[in-house]
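Below you'll find the structure, written out as structure tokens, and then a few comments.
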Amino acid sequence: MKKNIEITPNIGTLFGTRDENLHLLEGGLNVTINLKAESVEIEGAARDVDRAEQVFSDYDQLQRSGFVFNNGDLGSMLRIVINDPSASLRGLAEAGKQRSFGRRTVQPKSINQRRYLEAIEKYDMVFGIGPAGTGKTYLAVAMAISALLAKRVNRIILARPAVEAGERLGFLPGTLQEKVDPYLRPLYDALYDMLDPEKVDRYLEKNVIEIAPIAFMRGRTLNDSFVILDEAQNTTSEQMKMFVTRLGFNSKAVITGDVTQIDLPNYRRSGLLEALDILNNVDGLSFIWFDESDVVRHQLVQRIIRAYDEHKAKVAEDQMSLSLEGKGGNGNGRSSVPAGEREPAAAPAEE
């Protein structure tokens with residue numbers, strides 16, 4: 001099946017640098033796109049051609065309405081449309097416009113990010129689990145700010161376990177707040193990125209936004225709040241149970257973590273891992289899993305995460321091989337070489 005679409009000033013900007021967006025559509029939708037003098041020819045299976053044509057139509061309508069794509073959002077949305085037949089370019093763009101994220105316009109850049117935002121809107125408690133750079137914390141803070149500015153909650157509480165590899169709080173100089181601030185810095189960074197610094201400082205001063213280690217949550221009931229627990233893989237079982245039972249009326253909780261980066265001392269079991277086992281079948285919760293394809297940092301980060309995963313798999317395979325070799329390949333711990341073929345024992349050294 002073939003279809004021709006007229007090239008207009010609006011459509012032309014869809015192509016991208018060196019036609020990268022057209023190549024993306026070709027590979028993702030299994031179509032061939034040929035540029036003619038005044039039109040674009042799309043060739044492929046009828047269903048695939050229709051999906052590609054819908055992308056061009058949506059883009060044209062968005063441009064006519066004055067919509068502006070920022071910071072690579074177009075490429076990210078196209079990837080979602082390619083991977084999710086139920087998604088449309090226009091739907092994603094307009095859904096993004098409906099949310100207020102302070103001074104930032106934040107668009108989901110993958111299917112899992114989109115599911116994450118939808119889950120936060122729908123459920124009162126959401127777990128976001130995956131590697132660094134997938135937007136778990138950033139998007140949670142964006143949704144918290146959106147809820148605060150829309151007056152759906154009265155305050156934001158951001159918590160983090162004060163646990164890092166190789167350091168203890170007692171050895172750091174300063175007051176308790178000065179000791180824990182370095183551990184909470186990523187949360188401050190997200191806030192200052194989305195709100196004017198003066199507004200952030202005012203909210204912090206009035207405790208409209210509270211940033212604290214998870215130990216400060218004990219004994220509290222959090223009503224009318226948007227609560228985020230970051231780096232949850234470094235909570236103990238007791239801390240995690242304490243946190244998930246703090247939720248009060250008209251509140252939401254988002255728990256984020258990376259189960260491959262647990263820094264708890266003495267091989268203690270991660271509270272996040274335990275929660276995944278215990279709460280998996282509880283109604284009203286949602287678990288969203290991210291992987292390297294959701295990384296929205298530099299493209300190199302995706303390749304680095306993939307390399308570490310491959311290395312981890314190779315190490316596990318090598319250890320299994322060494323274990324089998326140590327057992328002589330027969331599984332009983334004895335040598336599989338016949339006694340008559342073994343090398344003689346070395347003679348004792350002379351004193």
Side-chain angles (χ1 to χ4, degrees), residues 1-97 104-118 130-131 133-135 138-139 288-307 309:
M1 178 181 179
K2 291 183 181 180
K3 279 194 177 181
N4 284 285
I5 299 173
E6 180 186 355
I7 297 178
T8 66
N10 288 335
I11 292 292
T13 56
L14 170 64
F15 299 167
T17 305
R18 297 181 180 177
D19 299 332
E20 60 183 359
N21 291 331
L22 297 185
H23 298 321
L24 183 64
L25 291 173
E26 283 184 314
L29 298 179
N30 297 316
V31 296
T32 301
I33 300 177
N34 298 311
L35 294 178
K36 304 294 184 180
E38 297 181 353
S39 65
V40 175
E41 182 185 77
I42 308 174
E43 183 177 0
R47 184 175 174 222
D48 297 331
V49 170
D50 288 342
R51 289 184 65 195
E53 183 185 27
Q54 186 62 50
V55 170
F56 281 91
S57 176
D58 284 352
Y59 186 81
D60 183 50
Q61 293 179 39
L62 288 168
Q63 292 294 97
R64 291 177 188 277
S65 67
F67 186 87
V68 177
F69 292 92
N70 297 313
N71 302 323
D73 285 341
L74 176 57
S76 300
M77 290 185 200
L78 289 177
R79 289 183 179 87
I80 295 177
V81 171
I82 287 169
N83 292 310
D84 185 356
S86 66
S88 70
L89 183 62
R90 187 176 179 182
L92 290 172
E94 291 179 348
K97 287 176 67 177
R104 277 274 182 189
T105 299
V106 179
Q107 287 282 356
K109 299 184 184 299
S110 69
I111 290 180
N112 287 329
Q113 287 193 358
R114 180 187 173 201
R115 291 171 178 160
Y116 186 50
L117 294 182
E118 291 173 349
T134 50
Y138 192 87
L139 291 175
I288 305 296
W289 292 85
F290 298 88
D291 56 37
E292 73 274 0
S293 66
D294 301 300
V295 172
V296 293
R297 294 178 180 172
H298 196 288
Q299 290 183 351
L300 180 60
V301 177
Q302 290 187 7
R303 296 195 290 270
I304 289 173
I305 292 173
R306 192 177 303 116
D309 288 342

Side-chain H-bond candidate by donor/acceptor type, Glu53 with Ser57, under 3.5 Å: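 The answer is no; no qualifying pair exists.
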Residue that, paired with Leu74, satisfies side-chain contact (heavy atoms from CB on, under 4.5 Å) out of Leu24, Leu62, Asn21: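 By the side-chain contact (heavy atoms from CB on, under 4.5 Å) criterion, Leu74 pairs with just one of Leu24, Leu62, Asn21: Asn21.
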Arg90 side chain vs Val55 backbone, donor-acceptor pair below 3.5 Å: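 Here the side-chain-to-backbone pair does not exist.
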Side-chain donor or acceptor of Arg51 paired with backbone N/O of Ile82 under 3.5 Å: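 Judged by distance alone, yes, a pair lies under 3.5 Å.
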Say you draw a straight line from [atom1] of [X] to [atom2] of [Y]; how long is it, rounded to the nearest 0.5 Å?
X: Glu118; Y: Arg115; atom1: CD; atom2: CZ; value: 9.0 Å
X: Leu139; Y: Asn112; atom1: CG; atom2: CG; value: 11.5 Å
X: Leu78; Y: Glu20; atom1: CG; atom2: CD; value: 10.0 Å
X: Leu14; Y: Leu22; atom1: CG; atom2: CG; value: 6.0 Å

Measure across [X] and [Y] and return the closest heavy-atom pair with its distance rounded to 0.1 Å.
X: Asn83; Y: Pro85; answer: O-CD, 3.7 Å
X: Val31; Y: Ala52; answer: CG2-CB, 4.5 Å
X: Pro131; Y: Phe290; answer: CD-O, 3.5 Å

All pairs passing ring pair (Phe, Tyr, Trp, His ring centres under 6.0 Å) where residues 45-66 contributes a residue, at least two apart: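 Counting only pairs at least two positions apart or across chains, the ring pair (Phe, Tyr, Trp, His ring centres under 6.0 Å) contacts touching residues 45-66 are Tyr59-Phe69.
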Throw together a table of side-chain donor-acceptor distances under 3.5 angstrom for residues 32-50, partners on residues two or more places apart or in other chains.
{"unit_1": "Asn34", "atom_1": "ND2", "unit_2": "Glu41", "atom_2": "OE1", "d": "3.3"}
{"unit_1": "Asp50", "atom_1": "OD1", "unit_2": "Lys3", "atom_2": "NZ", "d": "3.1"}

Derivation of the side chain to side chain contact (heavy atoms under 4.5 Å, CB included) call for Gln61 and Arg64: CA-CA 5 Å; Gln61 293 179 39; Arg64 291 177 188 277; 5.6 Å; no
